[in-house]
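Worksheet for the structure shown next.
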Amino acid sequence: MLLPRTTRLASALRVAVNSRLNAFSRFYSSAAPRTLARTPLYDLHVARGAKMVPFAGYFMPVLYSDESVGESHNWVREKAGLFDVSHMVQHRLTGPGALPFLHSVTPSDLTRLPQFRSTLSVFLHPVTGGIVDDLIITSHGPDGFYLVTNAACKDKDLAYIARNMKPFASDVKHEVLTGQGLVALQGPLAKDILTEYLSGLTGSPVDLSKLYFGASMFVEIPSLGEKLHVVRAGYTGEDGFEISISEKNTETVTTGLLDVGSIGGRIRLSGLGARDSLRLEAGMCLYGHDLDDTTTPIEAGLKWVVGKTRAMDGNFLGAETISGQYDSWSIVPRRRVGFLVEGAPAREGAEIVERGTDNVIGKITSGCPSPTLGKNIAMGYVRSGFHKRATEVGIKVRGKKHSGIVTKMPFVETKYYKAP
Amino acid sequence: MASLLRSLLTRPVFKPAYTTRVVVHRRNFTCLRNTPRTTNGSFYPNLAAALVPTLLPSIGRSQADRGELPATVGITEYAQKALGEVVYVELPRADAEVEAGEVVGAVESVKSASDILSPLSGTIVEANNELGNNPKLINKSAEGDGWICKIKVDDPEDIEALMSKEDYDAHVKGMGH
C-alpha cells in the first residue's frame, strides 16, 4: 500500500536533496559575494562571448561561445590558448631582508636560484609543515623577488605574510601588485605568436629562443611606456609564457596577441574550463584539492621543492616535520600518486580501497576524463605502501568499485622548452 | 515546504492527442530556491553541475494510464547544453526498483558529474546501452535517441503530476537562460 502522495514525494525530494548535497555543497560554500571583482579583461571576455562565473572573488571566463571544454583543451595542446589569470596575486618583495624572510617561510634554497629564474615553492605552517599555499618565486636579484600566489588563498596568504614578516619588517618591503594583469599564452604555437607580437611592438626582433623553461625577462615596450615581465612557464604542461602587464595596458597587449595569433588561426582565448584537465594531464597540483593545510610537500611528491641544505639546517617553519620526512620515507604516512581509472571517471572525494576489499587506503583529490588520452585520469593520496607504480586499487564511484592503477605522472608528456 | 510541493504538482499537464514523445518535467525546487541566477558553475576547477532536470515523455496517455507502456526517461535539451559534452553515462540496472527522486545513474562531462534522478517510482525495464559506446548521443539528441532508461511506472497518476513542457520552458526562461 503506497503512502499518501505528498509524503512519498516529500521523502523523494529529501533523497534528491541529500544526493545532490555533494554536488551543491561547494556551490553553497562559495556563494557569490555581493560584488565580484573584475580583471582588466572583463569587458573583453564578455565581448567575446565568455560565460563568466564567480571564482575566488572575481568574475572569470570559463568557456567562450559554445565551445566545449574538450575543444578548448585540445586547442591549447595543438595550437595556442590565451588565458586571463589576472585574478592570481602578484607580489614584489624587495630589500636585503627579502631572502631571509622567504627562507623563514619556505623550504626552498633561494641562494641557488639564479637571477631571472623561477621555482615552484610552498609556504609552510609552523610545526606541521602543512602547505599554506604553493607559489612561483622568481628571483630578480639577491634583493628582489617576484611572487605569484593562488587567488583562492589571497586573504590567507596576506595574513600569513604579514604575520611572519614582522622580524624582517625593517629590511623588506612587500608590495601586492593590485590590479596588475597576468595572461598565460600556452601551446606549441605560443612562442611564434609572442615573438612576432613583441618584435612588431618594439620595432626590432625579440629573441625568445634563449628564454628557457623557468626563466624570465623584462621586455621594454616604449610605445606602452612599460616593460613587460615574461616568464617561460605555465600551468598546462605545454611550452608557454606568463606575461605580467600593468592594469592599463592589459587589454591592449591581450588584443595585440589575439590579433597576431589570428593570422593563420593560431590562437584562441581559453577560459578556466580547460585549465583543470590541462594541468591534471601534466600531473600538476591544484591547491585546495591536491594540496592543502594538512599535506606536506614530501607527502605531495614535491620533495624537490625542499632544498637539501635547508632540510639539514631545519630553519624554516614546519622544519620539525619536513626534515624528518626528508630523511626517511618510512615516516611519511601517505603519498600523492596518479591513477588511470576504468569505467566511470573518479572525481575529488572518491574513496580508494585495497583491491578486492572495502579497506579504505586513500582518497582521490582530482580527477577527470582526459581529453588528450581518452582515458580517466586522477590523482590522490594513498597510504604509503600502496603508492608504487602499477599497484592496482579499487576506486568507489557512486557506490560502485572501479579498477584503478597507480600510474606515473605526467599522464601526457610535457613539452617544456628546456635548455639543451 | 510541503505546500510549495503541492502547488508545483497541481500544474496542468500536457496531454498528447497521439502516441509520441512528449516532454514533461520535474525539477528539484528545494535546490533551486537557493541558487544564484547567473551561473550554473561556480567553482573552478570543479564546476558544480547545473541542476539537471529529468525529462519524462508520456507515451500515449491512455496506454501509459493503463500502465501498459513504460515511460522513457532522459535529460532535456537545456540540461544537455548546460552539461556540455558528455563523455560517460552510468546507466541503471534493468529490474532495479526506483523511487521518485532516487539517483538512477549519472551523466558525466569533462568537468562534472550530474546525477540523474528518477522522476517517478517504478521498475527500470531497460537502459539505453547505446550510450555505453556513444555517450555523445545525449548531446546530439537528448530528447530522442539519447534516452537513458525506460521505467514501468508504479502509479500512472504520477505522470499527471509532472510539469508540462510549456511550464518547464517558461521556468528555464525565467532563470535567465
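Chain letters run A, B, ... following the sequence lines, proteins first and then strands; every chain starts at 1.
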**Asked** Do other residues, nucleotides or ligands put more than 12 heavy atoms under 6.0 Å from the NZ atom of A/Lys401?
**Response** yes

**Prompt:** Which atoms of B/Val87 come close to chain A, meaning under 4.5 Å heavy atom to heavy atom: side chain ones, backbone ones, both, or neither?
**Reply:** side chain

**Request:** Sequence neighbours left out, what passes ring pair (Phe, Tyr, Trp, His ring centres under 6.0 Å) with A/His402? Give chain and number order.
**Result:** none

**Request:** Heavy atoms only, distances under 4.5 angstrom: which of A/Ala344, A/Ser277, A/Cys368 has the most pairs with chain B? Name it, please.
**Result:** A/Ala344

**Request:** With a 4.5 Å cut-off on heavy-atom pairs, point out which of A/Pro345, A/Gly70, A/Ser68 contacts chain B the most.
**Result:** A/Pro345

**Asked** Tell me the side-chain hydrogen bond (donor to acceptor under 3.5 Å, both in side chains) pairs involving residues 87-97 of chain B, sequence neighbours left out?
**Response** A/Arg398-B/Glu90

